[in-house]
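As the structure is a prediction and not an experimental result, all values here were calculated from the model. Throughout, a chain's letter reflects where its sequence line sits, starting with A, and its residues are numbered from 1.
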Amino acid sequence: MKNIKVRYFAAYREETGVGFETITTGANSPAELFAECATKHEGLQSYSAALVAINDEMSDWNAALSEGDEVLFFPPVAGG
Amino acid sequence: MKNIKVRYFAAYREETGVGFETITTGANSPAELFAECATKHEGLQSYSAALVAINDEMSDWNAALSEGDEVLFFPPVAGG
Amino acid sequence: MKHFEITSQAIDPDAFRKQLLDPACGAYVQFDGWVRNHNEGQSVLRLEYEVYEPLAVKEGQSIIDEAIERFGVTNACGVHRSGLLELSDVAVVVGVSSPHRDAAFAACRYIIDETKARLPIWKKEYYENGQAEWVNCKHCGHREHG
Amino acid sequence: MKHFEITSQAIDPDAFRKQLLDPACGAYVQFDGWVRNHNEGQSVLRLEYEVYEPLAVKEGQSIIDEAIERFGVTNACGVHRSGLLELSDVAVVVGVSSPHRDAAFAACRYIIDETKARLPIWKKEYYENGQAEWVNCKHCGHREHG
């Protein structure tokens with residue numbers, strides 16, 4: 001189990017009702033972590049078209065997570 | 001024979017040494033008139049890529065000329 | 001010169017433009033994004049940009065660098081607002097100077113397109129009917145809106 | 001609003017831009033043509049625009065009308081200098097506002113391209129070596145230059 005800091009932005013922050021939380025998790029990737037967060041926060045939907053960053057670097061949904069990482073969940077940006 | 005006012009611009013004005021002249025001519029079109037002016041002013045070259053206007057309207061080189069018309073010879077514009 | 005900035009203050013497009021003046025450049029292209037009074041049939045009263053600034057600045061700078069390299073332009077800059085904006089406020093400005101206009105147009109277009117697609121910036125619109133919505137959420141499977 | 005003007009006075013791009021502000025428009029694209037310090041390998045010190053104003057204004061207005069009709073933009077304007085200009089002076093400005101940026105970019109590009117191709121405006125460059133030349137005459141068969 002790892003301690004991971006999670007930050008939610010914009011629509012995700014409003015849907016979860018929190019901007020920041022620390023989670024103790026067995027998730028190995030942002031994708032697994034997002035799925036776990038979605039079971040906890042029912043407003044959180046699929047992450048398709050969303051972006052993820054780890055420790056202020058844009059990341060892949062299947063990247064590895066390490067103890068103490070900060071994971072940023074970005075809903076799709078406004079575009080046009 | 002018709003009396004035609006002729007105006008030269010930019011390079012044409014410098015090449016002919018005049019900005020304006022009145023010509024009594026048998027020319028039936030701006031093309032014929034330009035050829036006549038080129039025999040008079042040796043600096044005046046081919047009108048390919050040049051533009052012509054009659055009485056402040058853009059014109060075709062083969063348009064008809066009438067007594068008293070003012071013909072404007074425009075060298076090629078600066079472009080790019 | 002900072003090439004890409006996020007600001008919570010009103011953007012001055014004229015001051016922005018002046019920092020790009022260059023006697024080696026014959027062409028300057030600027031794009032302004034203005035707050036528009038309508039979107040998808042709704043009357044918009046104002047809007048709010050939420051920006052995650054550390055990554056927005058980093059990614060904005062990457063986009064500027066890409067444009068300079070790809071199109072060979074001389075100078076390029078961008079600035080994007082955060083916070084609450086009113087109608088006709090300037091939301092974003094991109095400027096590019098270059099010896100010739102082909103490259104300046106292409107680079108300016110590239111920067112604004114990439115900026116809108118890649119920066120962690122979210123827009124919430126406030127409507128005349130009292131509702132508010134995170135724009136584009138409707139296209140990504142979210143049913144709930146603030 | 002006059003849509004196309006010729007002026008012998010310095011152009012103020014910011015005042016120009018403000019006349020195009022419109023709360024229905026989310027996009028604004030502006031092109032500035034600046035006096036560049038070089039051309040085809042020569043150092044340029046200053047330049048002079050000769051303009052035949054009656055036709056330049058008429059043709060400029062036609063180009064603006066064409067762009068509005070063809071691209072469906074909301075507002076478009078252009079202004080071009082006449083007379084003597086120094087390095088970095090603004091020679092021409094074109095601005096287009098529109099609900100969306102696709103049309104604004106396309107219309108702005110169209111207007112500046114057509115302006116440079118169709119308006120009776122001639123540019124004389126003054127070089128560091130003391131010579132002066134009507135630009136582009138070399139491409140049209142003239143051997144003599146002022």
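Across every non-hydrogen atom of C:Ala107 and C:Val96, the tightest pair is CB-CG1, 3.9 Å. D:Ala76 and D:Leu20 make their closest contact through N-CD2, 3.8 Å (heavy atoms, listed as atom of the first residue, atom of the second, distance). Scanning both residues, C:Leu119 and C:Gly60, for their nearest heavy atoms gives CD1-N, 3.8 Å. Of all non-hydrogen atoms in D:Ile64 and D:Gly78, the two that sit nearest each other are CD1-N, 3.9 Å.
Counting heavy-atom pairs closer than 4.5 Å to chain C, the top residue among D:Pro13, D:Pro99, D:Ala24 is D:Ala24.
With a 4.5 Å cut-off on non-hydrogen atoms, D:Val29 touches chain C through its backbone and its side chain both. Proximity to chain C is limited to the side chain of D:Val90, based on heavy atoms less than 4.5 angstrom apart. Using a 4.5 Å cut-off between heavy atoms, C:Val93 does not touch chain D at all.
Summarising the geometry, atom CZ belonging to D:Phe16 is positioned 5.0 Å from atom SG belonging to D:Cys77; distances are rounded to the nearest 0.5 Å.
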All donor-acceptor atom pairs under 3.5 Å, backbone and side chain, chain D-chain C:
from: D:Arg17; atom 1: NE; to: C:Asp32; atom 2: OD2; distance (Å): 2.7
from: D:Arg17; atom 1: NH2; to: C:Asp32; atom 2: OD2; distance (Å): 3.3
from: D:Pro23; atom 1: O; to: C:Asn37; atom 2: N; distance (Å): 2.8
from: D:Gly26; atom 1: O; to: C:Trp34; atom 2: N; distance (Å): 3.0
from: D:Tyr28; atom 1: N; to: C:Asp32; atom 2: O; distance (Å): 2.9
from: D:Tyr28; atom 1: O; to: C:Asp32; atom 2: N; distance (Å): 2.8
from: D:Gln30; atom 1: N; to: C:Gln30; atom 2: O; distance (Å): 2.8
from: D:Gln30; atom 1: O; to: C:Gln30; atom 2: N; distance (Å): 2.8
from: D:Asp32; atom 1: N; to: C:Tyr28; atom 2: O; distance (Å): 2.8
from: D:Asp32; atom 1: O; to: C:Tyr28; atom 2: N; distance (Å): 2.9
from: D:Asp32; atom 1: OD2; to: C:Arg17; atom 2: NE; distance (Å): 2.7
from: D:Asp32; atom 1: OD2; to: C:Arg17; atom 2: NH2; distance (Å): 3.3
from: D:Trp34; atom 1: N; to: C:Gly26; atom 2: O; distance (Å): 3.0
from: D:Arg36; atom 1: NH1; to: C:Pro99; atom 2: O; distance (Å): 3.1
from: D:Arg36; atom 1: NH1; to: C:His100; atom 2: ND1; distance (Å): 3.4
from: D:Asn37; atom 1: N; to: C:Pro23; atom 2: O; distance (Å): 2.8
from: D:Pro99; atom 1: O; to: C:Arg36; atom 2: NH1; distance (Å): 3.0
from: D:His100; atom 1: ND1; to: C:Arg36; atom 2: NH1; distance (Å): 3.3
from: D:Arg101; atom 1: NE; to: C:Asp113; atom 2: OD1; distance (Å): 2.9
from: D:Arg101; atom 1: NH2; to: C:Asp113; atom 2: OD1; distance (Å): 2.8
from: D:Asp102; atom 1: OD1; to: C:Arg109; atom 2: NH1; distance (Å): 2.9
from: D:Asp102; atom 1: OD1; to: C:Arg109; atom 2: NH2; distance (Å): 2.5
from: D:Arg109; atom 1: NH1; to: C:Asp102; atom 2: OD1; distance (Å): 2.9
from: D:Arg109; atom 1: NH2; to: C:Asp102; atom 2: OD1; distance (Å): 2.5
from: D:Asp113; atom 1: OD1; to: C:Arg101; atom 2: NE; distance (Å): 2.9
from: D:Asp113; atom 1: OD1; to: C:Arg101; atom 2: NH2; distance (Å): 2.8

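Screening C:Ile111, C:Ile112, C:Val79 against C:Val92 for a side-chain contact (heavy atoms from CB on, under 4.5 Å) leaves a single residue, C:Ile112.
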